[in-house]
There are 2 protein chains.
Amino acid sequence: MTMSSNAGGRRKPPTIHDVAREAGVSRGTVSRVLNGGHYVSPAAREAVDDAIRRTGYVVNRHARSLITGRSDSVGFLLTEPQERFFEDPNFNVLLSGCTQALARHDIPLLLMLAGTKEERRRITRYITAGHVDGVLLVSSHSGDPVAEELRAAGVPLVACGKPIGLGSKVSYVAADDRDGARDMVRHLLAVGRRRIGMITGPLDTPGGVERLAGYKEILTEAGIAIDEALVVSGDYSKASGEAGAERLLAQAPDLDAVFVASDLMAQGVLAVLQRAGKRVPDDIAVGGFDDSPAATAVTPALTTIRQPWDRISTEMVRVLLAQIGGEDPAAVILPTELVRREST
Amino acid sequence: MTMSSNAGGRRKPPTIHDVAREAGVSRGTVSRVLNGGHYVSPAAREAVDDAIRRTGYVVNRHARSLITGRSDSVGFLLTEPQERFFEDPNFNVLLSGCTQALARHDIPLLLMLAGTKEERRRITRYITAGHVDGVLLVSSHSGDPVAEELRAAGVPLVACGKPIGLGSKVSYVAADDRDGARDMVRHLLAVGRRRIGMITGPLDTPGGVERLAGYKEILTEAGIAIDEALVVSGDYSKASGEAGAERLLAQAPDLDAVFVASDLMAQGVLAVLQRAGKRVPDDIAVGGFDDSPAATAVTPALTTIRQPWDRISTEMVRVLLAQIGGEDPAAVILPTELVRREST
DNA sequence: TCATGCTCTGTGAGCGTTCACAGTAGAGAA
DNA sequence: TTCTCTACTGTGAACGCTCACAGAGCATGA
């Protein structure tokens with residue numbers, strides 16, 4: 001009741017010194033128990049553990065970082081248009097997956113949004129100054145100056161999706177876009193479709209390119225010639241899906257299926273088909289990509305390709321930590337999965 | 001070419017000592033320039049600024065924190081079911097708004113997700129150990145043990161939305177739910193509706209309660225008796241919107257409008273009404289709440305109440321920083337806005 | 001016996017800052 | 001002149017931790 005009241009202000013937390021005194025050992029021994037704990041006797045370890053519990057000791061990370069040179073934290077960096085990611089729920093799954101995977105290693109995640117030029121400058125300084133040990137990068141597309149600068153500065157870096165123009169020195173984790181596209185087109189063939197159109201993603205991104213490649217690959221394999229009138233390009237947005245569907249309907253009235261490179265675009269496609277009086281999947285089958293919530297929000301529910309976002313995030317963290325630990329950059333490609341619903 | 005190559009590893013960054021030497025002054029003077037900069041001559045200041053630029057010096061935050069006791073960082077804490085927030089794009093707007101507002105003060109944001117019990121424990125320790133100076137709290141509903149513990153520990157705390165069961169000692173920033181509801185019901189009356197139903201939000205949250213209160217208030221004011229058969233409760237989810245709409249249609253076939261406490265629920269309502277052959281807004285007008293992307297994704301586009309998420313985030317940061325600076329807790333209520341579209 | 005190795009422990013130094021304090025120089029007042 | 005005040009500057013100590021090192025105790029082998 002006397003000094004134990006902490007009403008109002010925060011009291012000074014116990015230090016490693018207090019723990020050492022409490023346990024009847026030296027600072028060094030406490031420190032050894034805290035980190036790995038080699039070369040410490042069972043008796044000492046127990047005494048220290050007890051003392052830690054009694055005092056409620058938590059290591060002061062600033063003091064530790066000051067001497068180790070590590071910050072024991074990593075940045076989650078989102079460059080370029082944020083709106084794009086913000087309307088995509090997969091982004092949240094990725095962010096939360098990374099946060100939780102890091103939490104398991106007791107490493108906090110710093111969120112960094114590089115929107116304006118000023119923010120980009122600040123973030124670059126912050127990172128290159130060593131305030132984080134590494135960076136999880138979500139860059140929209142091509143040549144990202146921030147990422148390039150970080151790479152040049154030797155900051156451990158793991159990108160989500162294959163980055164463009166960063167050389168081969170940067171790690172990345174990506175879903176197998178091409179194989180996902182192959183699965184979808186194979187599926188459309190399997191349900192009897194032959195005039196299969198495609199609305200692509202942005203072709204300045206590896207994802208966009210790969211999905212298109214998978215589409216062409218399977219059609220060719222099936223002995224179906226690629227009809228360029230059946231391929232229109234989009235940018236993953238709902239609006240571009242609508243535009244693409246309209247062009248496609250105009251250019252190829254005999255279309256009986258369309259593979260759309262994102263669920264968001266597919267949502268737009270469904271709207272256009274409905275207005276045009278086409279029944280899905282009876283007249284035209286529609287396949288999406290992403291398995292975003294949009295896929296189940298629409299009617300008919302969308303057949304789509306699921307990207308393993310949970311695994312992507314844990315892999316990104318694993319690769320980053322390995323790289324911080326001194327290992328070489330690595331590329332990880334993860335398998336996708338066809339999710340069949342009502343639209344095919 | 002000799003030592004200037006930094007291929008591979010990172011080189012040791014310049015310290016305040018290097019800057020002092022370079023500028024021909026002492027550490028103390030450099031430090032004074034860095035912080036506020038009182039009692040430093042123009043000449044010295046200029047020399048230091050120059051030296052900082054030349055050396056590319058960035059302050060070592062760990063060393064600073066070690067002595068000041070501040071961490072100069074804040075946590076963004078999300079407790080309870082994350083899925084709920086993750087499907088809500090407003091969450092992203094809030095998160096990004098807070099991140100950017102903090103960035104302007106050069107304060108990094110640490111993302112903390114308290115899902116499991118284990119995570120809760122870790123996060124509580126982390127925060128009470130003083131590893132962050134304050135916390136932006138997004139708690140779903142009632143009695144949150146983490147929040148309560150933080151409050152008790154005297155950690156500066158600002159909640160998004162009025163928190164329940166935390167006493168009056170905790171700051172919060174919220175939209176004016178009641179007034180938003182009032183606006184919507186007034187609007188429904190203005191377009192000639194009289195049998196106005198409501199699907200509420202969870203009634204163990206202030207938001208849910210307030211929106212219901214606003215609804216009842218305006219109807220009473222207009223001389224319309226509250227018909228309990230017209231009020232069903234939901235939990236903001238799409239599924240509960242569908243269920244609510246079905247009950248409402250069954251209980252009150254003469255319904256001519258419904259005020260739905262979230263856009264997501266309204267999405268479900270529209271689906272049910274369509275299946276039931278009701279035209280919107282001709283037969284039944286539908287009003288939502290949130291102005292989420294869902295509002296424009298559906299047909300007809302939803303008339304709804306916009307919450308000022310951008311202002312909410314900047315206000316949360318402002319209040320938190322003030323509180324960290326020693327000011328008293330504060331409550332901020334921000335006005336909402338009616339957005340008229342096609343559904344009313 | 002002494003040397004060697006192994007496990008375990010304590011000690012001092014130092015990481016890069018800020019802060020309190022002491023001290024200097026110059027201006028103005030007595 | 002001398003004293004005081006103000007504006008500015010430098011210095012040592014400390015923040016809490018880890019790390020390298022030295023050394024103690026004990027067992028093993030020559």
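Residue numbers begin at 1 in each chain, while the letters A, B, ... track the order of the sequences. All of these numbers come straight from a predicted model, not from anything done at the bench.
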Starting at atom CD1 of Ile67(A), determine the distance to atom P of dC17(D), rounded to an integer number of angstrom. 11 Å
I'd like to know if the side chain of Asp133(B) reaches the main chain of Ser71(B), judged simply by a donor and an acceptor atom lying under 3.5 Å from each other, with no hydrogens or angles considered. yes
Side-chain (Ser65(A)) to main-chain (His62(A)) donor-acceptor, under 3.5 angstrom: no
Degree of bending in the helix from dT1(C)-dA30(D) to dA30(C)-dT1(D) once both end axes are built from five pairs, to 10°: 60°
Candidates Val19(A), Val48(A), Val25(A) - the one meeting side chain to side chain contact (heavy atoms under 4.5 Å, CB included) with Val33(A): Val48(A)
Give the nucleotide from the list dT18(D), dG16(D), dC15(D) with an atom nearest to the side chain of Ala63(A). dG16(D)
Take atom CD1 of Ile16(A) and atom P of dC15(D), then tell me their distance rounded to the nearest Å. 14 Å
For Ile16(B) versus Tyr57(B), what's the shortest heavy-atom pair and its separation? N-CE1, 3.4 Å
Its 5'-most and 3'-most nucleotides having an atom under 4.0 Å from a non-hydrogen atom of chain A, DNA chain C is contacted over dT7(C) to dG16(C)
Heavy-atom pair with the smallest gap, counting every atom of Thr314(A) and Arg104(A): CG2-NH1, 4.4 Å
Sequence neighbours excluded - salt bridge (charged side-chain N to carboxylate O under 4.0 Å, His left out) pairs with any residue from residues 66-75 of chain B: Arg70(B)-Asp72(B)
Partner residues of Arg318(A) under the salt bridge (Lys or Arg N to Asp or Glu O under 4.0 Å) criterion, sequence neighbours left out: Glu315(A)
Main chain of Arg27(A), side chain of Ser31(A): is a donor-acceptor contact present, judged purely on distance under 3.5 Å? no
Nearest-Å distance for atom pair CG/P, residues Asn60(B) and dC15(D): 18 Å
Just the atom pairs and distances: protein N or O near nucleotides 5-12 of chain D's N or O, under 3.5 Å.
residue	atom	partner	partner atom	Å
dT9(D)	OP1	Ser41(B)	OG	2.6
dT9(D)	OP2	Ser41(B)	N	3.0
dG10(D)	OP2	Ser26(B)	N	2.7
dG10(D)	OP2	Ser26(B)	OG	2.9
dG10(D)	OP2	Thr29(B)	OG1	2.9
dG10(D)	N7	Arg32(B)	NH2	3.1
dG10(D)	O6	Arg32(B)	NH1	3.3
dG12(D)	N7	Arg27(B)	NH2	3.4
dG12(D)	O6	Arg27(B)	NH2	2.4

Can a side chain N or O of Thr68(A) be found less than 4.0 Å away from OP1 or OP2 on dT18(D)? no
Examine distances only and state if a side-chain atom of Thr128(B) and a backbone atom of Thr124(B) form a donor-acceptor pair shorter than 3.5 Å. yes
So which heavy atom on Gln323(A) is nearest to which on Leu157(A), and how close? OE1-O, 3.5 Å
Those residues at least two apart in sequence (or on a different chain) that pass side chain to side chain contact (heavy atoms under 4.5 Å, CB included) with Arg122(A) are Glu118(A), Glu119(A), Ala103(B), Asp106(B)
Please state how far atom CG in Asp72(A) lies from atom P in dT18(D), giving the value in whole angstrom units. 10 Å
